[in-house]
Q: 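Below: one structure in structure tokens.
Predicted model, so just to flag it, every value in this text is computed and none were measured.
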Amino acid sequence: MEWLLFAAQLGTLALLLALVYRPLGDYMATVYTSPRDSRAEKVLYRVVGVDPANQQSWSSYLRAVLAFSAIGVLTVYALQRLQLLLPFALDLPAPSEHLSFNTAISFVTNTNWQSYSPEVTLGYTVQMVGLAVQNFVSAAVGIAVAIALVRGLASRSAGSIGNFWVDLFRGVIRILLPLSIITAVVLVAGGVVQNFAGFTDVTTLTGGTQSIPGGPVASQEAIKELGTNGGGFYNVNAAHPFEGPGAWVTIFQVFLMLVIPFALPRTFGRIVGDNRQGYAVLAAMASIYLLSVTAMTAAELAGGGAATQAAGAAMEGKETRFGIVLSTLFGTTSTITSTGAVNAMHDSFTPLGGGMAMVNMMLGEVAPGGVGAGLYGILVIAIVAVFIAGLMVGRTPEFLGKKIGTREIKLASLYILTTPTLVLAGTALSFGIPTVRGDIEGTSIWNPGVHGFSEVLYAFTSAANNNGSAFAGLTANTPWLNTALGVTMLLGRFLPIVFVLALAGSFAAQGTVPATAGTLPTHKPQFVGLLLGTVVIVSALSYFPTLALGPLAEGLL
Amino acid sequence: MTITRGTSRQYLVALRAMIVLTVITGLAYPLLITGVGQVALPAQANGSLVTVDRRVAGSSLIGQSFTDADGTALPEWFQSRPSAAGDGYDAGASSGSNLGPTNEALLDTVDERRAEIAAREDVAPADVPADAVTASGSGLDPHISPEYALLQVPRVAAERGLDNAEVRGLVESMIHGRDLGYLGEPTVTVLSLNIALAELDADSAN
Amino acid sequence: MSTTTRELDAASPARAQHAGQPTGAFSPRQLLAGLPGAVRKLDPRTMWRNPVMFVVEIGAALTTIIAISELVSGPAESAGEPLPASFSWAIAAWLWITVIFANLAESVAEGRGKAQAQSLRQTRTSTMASVVDGYDPAADPSAERTAVRSVASSELTLGDIVTVSAGELIPGDGDIVWGIASVDESAITGESAPVVRESGGDRSAVTGGTRVLSDRIVMAITSKPGETFVDRMIRLVEGAARQKTPNELALNILLASLSIIFLVVVLTLNPMAGYAGDTVSIPVLVALLVCLIPTTIGALLSAIGIAGMDRLVQRNVLAMSGRAVEAAGDVTTLLLDKTGTITYGNRRATEFVTVGTVPQHELVAAARLASLSDPTPEGKSIVDLAEDQGHREGIDGTAVVVPFTAQTRMSGIDGAAGVQIRKGAASAVLAWVAAAGGISPAAAAQTESVANGIAKDGGTPLVVARRERDGSARVLGVVHLKDIVKEGLAERFADLRAMGIRTVMITGDNPYTAAAIAREAGVDDYLAEATPEDKLELIRTEQQGGNLVAMTGDGTNDAPALAQADVGVAMNTGTSAAKEAGNMVDLDSDPTKLIDIVRIGKQLLITRGSLTTFSIANDVAKYFAIIPAMFAGVFPGLAALNIMGLHSPASAILSAIVFNAVIIVFLIPLALRGVAYRAANASSILSRNLLVYGLGGILVPFAGIKLIDLVVTLIPGF
């Protein structure tokens with residue numbers, strides 16, 4: 001019965017996504033390839049001081065990304081530190097330096113890791129002007145970088161990879177903003193609040209008091225899902241009834257997290273001039289997603305763990321209205337799209353179910369991954385897959401007519417190296433430095449034993465992959481974790497972007513090799529399988545021992 | 001490190017871009033949504049508040065506890081799930097327990113709750129449903145499963161001196177099925193049920 | 001021929017596999033022979049060039065030190081699990097064996113080239129050269145009147161003019177500037193028949209170490225000492241000049257990155273394990289690391305490269321760089337000269353077509369008579385065809401042979417009885433007939449139509465006519481001369497097409513003829529009436545479209561095109577300019593070998609890719625062997641992952657290490673022979689290799705480790 005409902009819900013989702021795949025993908029392709037600027041955009045470009053016709057080299061594109069992100073970090077940091085001076089601060093004091101640092105990086109890197117409990121930490125102004133803005137622009141940056149890579153792959157000869165400022169503004173104004181407006185109104189209709197009322201004190205039925213929160217939630221919730229950001233307005237994120245009021249809203253939210261990442265392959269196919277390439281990438285993403293969501297659901301329905309078995313079902317940390325299936329659907333989607341929102345507490349998931357959440361992130365956030373980041377992530381893995389497979393067919397490997405040479409494989413390797421190194425080094429340092437370990441064991445870890453280890457591993461996995469979800473029992477608001485996770489998020493976001501833009505530049509500078517019968521076709525099921533295998537093998541090999549110490553040890557106890 | 005003119009210009013552009021985008025997405029956009037929400041969907045936008053006797057008694061989306069100040073269940077009310085938000089259903093501090101699946105503390109708590117509920121409802125411990133012994137993710141779960149609601153009928157009816165079948169009928173009428181028939185789980189909103197229960201009680205008292 | 005030369009012959013690289021099949025013969029004896037070299041390569045200064053194996057060597061050293069220290073401290077335990085006393089020793093030993101096996105692969109590959117180099121070296125023995133000082137090509141081209149001095153061949157420098165007489169060894173690479181000589185080049189090519197070399201034209205190049213058999217030549221030295229053709233050949237077969245090719249470099253980067261990831265995995269393991277339970281001992285960590293890093297491909301990578309070059313050498317092709325061999329695998333357009341590559345060099349008569357009422361036998365007899373004294377291959381082929389049809393008429397002893405001239409464009413004989421027979425181009429012969437007394441318009445039209453028909457089919461028409469004593473003349477018919485396309489080419493071109501390679505035939509023929517031959521041979525395209533400039537232009541156009549072009553050439557005017565082409569194979573019979581310009585030289589001067597070269601290039605890449613896949617796929621099984629074993633003491637539940645049912649933690653880890661070492665030796669023959677390659681499209685090749693090396697790479701170690709475990713279990717303590 002549960003499986004039947006699961007299949008029906010998944011089918012609904014697939015249908016919705018299939019309906020928008022072509023129109024949205026094509027629309028985004030038009031947005032990023034159209035030579036025309038609207039009158040309003042022209043005005044904005046003049047105000048900002050950029051020439052939209054200017055084509056940037058990969059290095060100036062990168063400098064623009066970094067400059068814009070640096071300004072973003074400074075802005076969000078300053079807004080938090082100056083919270084008391086801002087309107088709608090709800091009398092909340094400024095967060096500490098290390099927490100502000102962590103939060104600023106977290107939102108600029110599209111991670112939205114929250115070391116804090118929002119309703120008792122941040123006022124409405126910081127949430128709107130600081131965090132929600134980053135929700136938009138960090139998502140737009142992700143898409144821009146992906147589009148730059150696609151342009152590099154599509155360029156015929158000595159092509160350009162575009163202009164970052166144009167990509168940024170078009171992403172926000174033509175894609176994210178219109179979609180968010182529609183979405184936010186739908187969310188309000190579903191029960192998500194949107195007001196500036198602060199806390200409303202009520203007397204409950206039994207005569208007690210309850211202080212009901214308010215806030216501009218729907219506007220933030222919309223972009224939180226659409227931009228695969230995931231930072232909740234409230235502490236428990238979408239488990240909060242004002243963020244996730246009901247079942248159909250949840251399906252809608254899951255759809256929102258997936259809609260842009262799953263439509264971007266279409267955009268990719270359109271820009272490179274071969275829609276079949278888009279379908280191949282989509283197929284690889286969708287297969288991994290399907291396997292993953294099935295595995296997590298199976299683990300949760302099976303209900304592993306002594307406490308779970310005592311309760312009779314894995315309902316600890318889950319909402320009655322969602323049950324197990326909508327919780328795993330949301331949890332899988334959120335962890336595999338780098339959103340990081342939760343509508344159930346992953347810390348209380350069964351060992352293997354919680355392990356799947358980690359695995360989803362460890363896959364490198366590519367199935368379908370975050371907006372833009374998922375596409376560029378899977379394209380980099382495709383480059384590695386093409387390299388090995390290309391050798392196996394006896395040709396210097398090439399992807400979409402671009403040769404994969406020493407420089408390209410170096411950049412792709414660095415990309416693949418970055419995240420596992422950050423995850424493993426961060427976790428190991430947390431347990432390896434004696435004073436830090438004392439702090440981690442004494443303050444941060446909530447659950448004892450192996451599960452406590454998993455909390456720390458989860459945190460670094462989430463940070464390095466810019467996911468943002470947590471085994472939330474972990475007290476992360478400590479100087480060590482705020483700093484270490486902040487640095488991890490920063491490197492986990494921008495090192496890959498450096499490598500991706502360098503790749504884009506190196507592809508753009510290349511001519512195109514025509515495809516022949518001797519060329520490895522990258523649009524067939526065979527390649528989809530190969531891509532899938534590479535994604536799984538690369539991450540499995542990096543993380544297997546660590547998983548054995550955490551979720552596997554706990555699950556097979 | 002020397003900052004070249006090009007670099008500093010880049011940062012100025014970045015700053016201006018951030019300001020422009022902040023105005024658009026950080027101010028104009030949320031205000032627009034607030035305006036639309038307040039005009040077109042005021043009930044939802046303001047938290048789906050529920051009034052009893054023209055007094056706001058809570059939100060249909062936010063659960064409440066039906067216990068005394070010590071946290072002991074008040075037997076005349078349908079009970080919500082256990083909550084980890086503050087002292088229980090503290091809407092200002094949403095939270096799950098975050099206890100792990102192999103955590104001894106959780107195991108003990110679950111066993112205690114099961115024994116307590118079994119005693120309170122006078123049923124076999126095995127008959128207590130899972131949602132009754134587990135804390136929700138938000139700590140503000142407004143719902144319980146129909147099984148748990150039905151399990152409480154004899155106790156509530158007895159406590160209030162109401163007809164068992166009448167209370168059962170009330171619960172059954174308040175079971176909210178799955179959205180569109182297949183999304184999510186069937187639920188009973190505890191606050192709404194208890195408000196209806198109070199009305200039923202008042203009616204029968206008259 | 002001297003005995004010395006014959007000895008050289010026997011050992012020269014061309015010998016054994018002249019026909020082209022690389023034997024790939026591999027005997028265990030080669031392993032034994034390579035052993036000393038393999039041990040010598042343990043020198044860290046050599047090892048660090050192979051980062052993957054260098055890591056293994058460091059691990060081996062580290063484990064050895066620990067094993068020694070355990071003699072004092074007693075056997076350690078790992079993650080709460082006691083290990084047998086001999087455990088560290090066993091791991092250390094097998095790690096050393098792993099490194100030696102890797103070095104062995106390289107030694108064996110190099111060993112195959114060493115013998116060839118040895119024989120080539122003998123040709124380099126110094127001779128004395130007669131250097132002409134102040135050579136004056138105008139006044140004394142033969143340098144007979146200029147004084148010569150003796151200089152050791154090793155002292156010769158670029159531009160020296162030397163004379164070489166019959167019986168002398170040619171002292172260095174160069175071009176003949178005067179004279180003609182027959183030269184024995186068997187030391188280089190293995191071909192024992194002498195070849196003619198002469199000044200000017202496309203056969204002027206001579207190679208140092210070959211011997212002049214007759215006559216005397218004056219030559220200009222074109223190579224610096226130590227950089228002669230033979231020198232390069234020696235370096236090549238020895239593998240000393242081997243530089244990493246672009247794809248090999250890229251693959252090395254990927255392998256190094258994987259090694260770094262696994263290093264991170266292993267280094268970070270203990271801090272984490274320390275919290276979760278108990279730390280893992282260093283020998284176990286080293287074992288895990290060595291099992292994970294891609295040692296199999298790391299060990300075989302350079303052997304694969306050396307063996308790839310070796311396969312070319314065995315086919316008598318010298319690649320000037322490994323880059324060229326890889327480029328050969330990438331070629332998408334193959335330019336093939338018609339003459340000699342697609343067709344036999346000469347046209348042959350295939351048919352006699354009569355005109356009007358002339359009887360067949362009269363035409364055949366006349367054509368034969370007109371050709372009996374024609375020394376050209378075409379003439380001979382007419383006689384052959386006529387004799388096949390039973391004509392054996394003798395020639396009139398007093399007949400006068402009329403040779404072909406550019407003016408008349410005809411040849412034939414004038415019989416003593418006043419009968420004249422002519423054969424030649426249609427227009428010339430028709431004019432001759434017309435001049436003799438007229439020809440009916442109908443006969444002329446028929447002749448022309450037959451001739452044009454033959455031309456359109458790609459043949460060459462030769463019109464045969466006869467003038468009687470009385471002066472009347474008539475056309476007898478037309479001989480059909482045809483380019484004969486070599487057998488089996490159409491299939492080879494179809495193979496190439498399946499591989500994604502387009503073939504373009506280059507010919508000086510007119511477009512009609514070219515089209516007809518192209519159709520018959522099955523090439524994809526042709527370039528007719530081609531000049532060397534056209535050829536260069538075609539290569540440029542193809543390259544601008546992103547294609548990689550391969551071609552062969554021998555003439556000096558081919559040099560620019562050879563240099564422009566991505567793979568330019570110069571014929572050994574060609575000029576020095578051509579050999580300089582190309583990046584490969586074919587000692588057999590067989591242009592069809594281009595196709596083999598492409599296959600060898602592809603095979604090289606396929607072997608690398610397949611073994612990489614195999615190596616990485618192996619890790620899955622090794623994880624399932626080691627991870628449960630590693631934490632068995634702390635997390636007994638992980639035993640669920642011990643799906644192979646390995647006996648004990650110690651035996652599981654050792655078995656994985658032993659498998660890791662042994663698989664290298666098992667794969668050495670494959671690395672040297674290369675993965676089987678059949679012409680097919682990329683998809684089907686990939687499917688096959690993924691199945692064999694991907695799936696096989698996952699499954700084989702499960703079986704292998706289990707089997708080894710059964711043996712290891714017999715060791716006390718394991």
Side-chain angles (χ1 to χ4, degrees), chain A residues 5 8 44 48-50 63 67-68 71 128-129 133 136-137 184-185 188-189 191 193-195 202 204-206 210-212 216 219 234-236 239-241 245 247-248 251 305-308 310-313 315-321 323 326 344-345 347 350-351 446-447 451 472-473 554, chain B residues 10-11 13-18 20-22 25-26 29-30 33-34 36-37 41 44-48 56-59 61-62 64 66 74 91-92 94-96 98-103 106-107 110-111 130-131 133-138 140-145 179 182-185 187 194:
Chain A
L5 290 169
L44 292 179
V48 172
V50 295
R63 278 198 300 274
F68 183 70
I71 293 289
M128 277 192 335
V129 177
V133 172
F136 277 97
V137 297
V185 174
V188 174
V193 300
Q194 178 76 16
N195 59 53
V202 300
T204 63
L205 217 51
T206 57
Q210 196 176 35
S211 173
I212 292 176
S219 57
Y234 301 117
N235 187 36
V236 293
H240 197 291
W248 72 261
I251 287 285
T308 315
M315 282 304 289
E316 181 69 28
K318 293 193 180 70
E319 304 288 298
T320 312
R321 61 193 180 282
L326 274 186
M345 296 302 112
D347 214 348
T350 62
W446 173 245
N447 284 288
H451 199 81
E554 191 184 8
Chain B
Q10 189 85 276
Y11 278 87
V13 170
L15 183 62
R16 285 196 293 257
M18 189 63 77
V20 167
L21 289 169
T22 301
T25 63
Y29 160 70
I33 301 301
T34 311
V36 172
L41 303 155
Q44 290 98 320
N46 290 319
S48 311
V56 179
S59 161
L61 292 175
I62 304 283
Q64 294 183 359
F66 297 90
L74 298 171
S94 61
S95 179
N98 282 313
L99 294 172
T102 55
N103 193 328
L106 179 59
L107 180 61
V110 167
D111 285 343
D131 63 312
V133 295
T134 52
S136 67
S138 62
L140 304 175
D141 194 342
H143 303 118
I144 53 176
S145 64
D179 280 1
Y182 69 98
L183 298 177
E185 300 292 331
T187 53
N194 278 335

Q: If you count heavy-atom pairs within less than 4.5 Å of chain A, which of B/N194, B/V133, B/T22 leads?
A: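 With the most close heavy-atom pairs to chain A, the winner is B/T22.
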Q: With a 4.5 angstrom heavy-atom cut-off, could you sort out which part of B/V36 is near chain A: side chain, backbone, both or neither?
A: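 The side chain, not the backbone.
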Q: Between B/P30, B/G137, B/S59, B/G26, which shows the greatest number of heavy-atom pairs under 4.5 Å with chain A?
A: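 Most heavy-atom pairs within the cutoff with chain A belong to B/G137.
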Q: Counting N and O atoms only, with roles assigned by atom type, does the side chain of A/H451 sit under 3.5 Å from a partner on the main chain of A/D347, one being a donor and the other an acceptor?
A: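 The answer is yes, because a donor-acceptor pair under 3.5 Å joins these two groups.
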Q: Under a 4.5 Å heavy-atom cutoff, which of B/T187, B/I144, B/D179 has the most pairs with chain A?
A: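 Looking at each of B/T187, B/I144, B/D179 in turn, B/D179 comes out on top.
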Q: Would you mind telling me which of B/S94, B/G96, B/A91, B/P142 has the largest number of heavy-atom pairs within less than 4.5 Å of chain A?
A: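 The candidate making the most pairs under 4.5 Å is B/S94.
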Q: Does any heavy atom of chain A fall under 4.5 Å from the side chain of B/D111, the backbone, both, or neither of them?
A: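 Interface part for B/D111: side chain.
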Q: Need one label for B/L140: side chain, backbone, both or neither, based on atoms under 4.5 Å from any heavy atom in chain A.
A: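 Contact with chain A involves both backbone and side-chain atoms of B/L140.
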Q: Should the pair A/F136 and B/Y29 be assigned to parallel (<30°), tilted (30 to 60°) or perpendicular (>60°) ring geometry?
A: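 It falls in the perpendicular class, over 60°.
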Q: Hey, which of B/L74, B/L15, B/D131 has the most heavy atom pairs under 4.5 Å with chain A?
A: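 The option with the most such pairs is B/L15.
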Q: Under a 4.5 Å heavy-atom cutoff, which of B/S95, B/G37, B/G100 has the most pairs with chain A?
A: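 Looking at each option in turn, the highest pair count goes to B/G100.
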Q: Sort B/V13 into side chain, backbone, both or neither according to what part of it lies under 4.5 angstrom from a heavy atom of chain A.
A: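 Answer is both: backbone and side chain atoms of B/V13 are under 4.5 Å from chain A.
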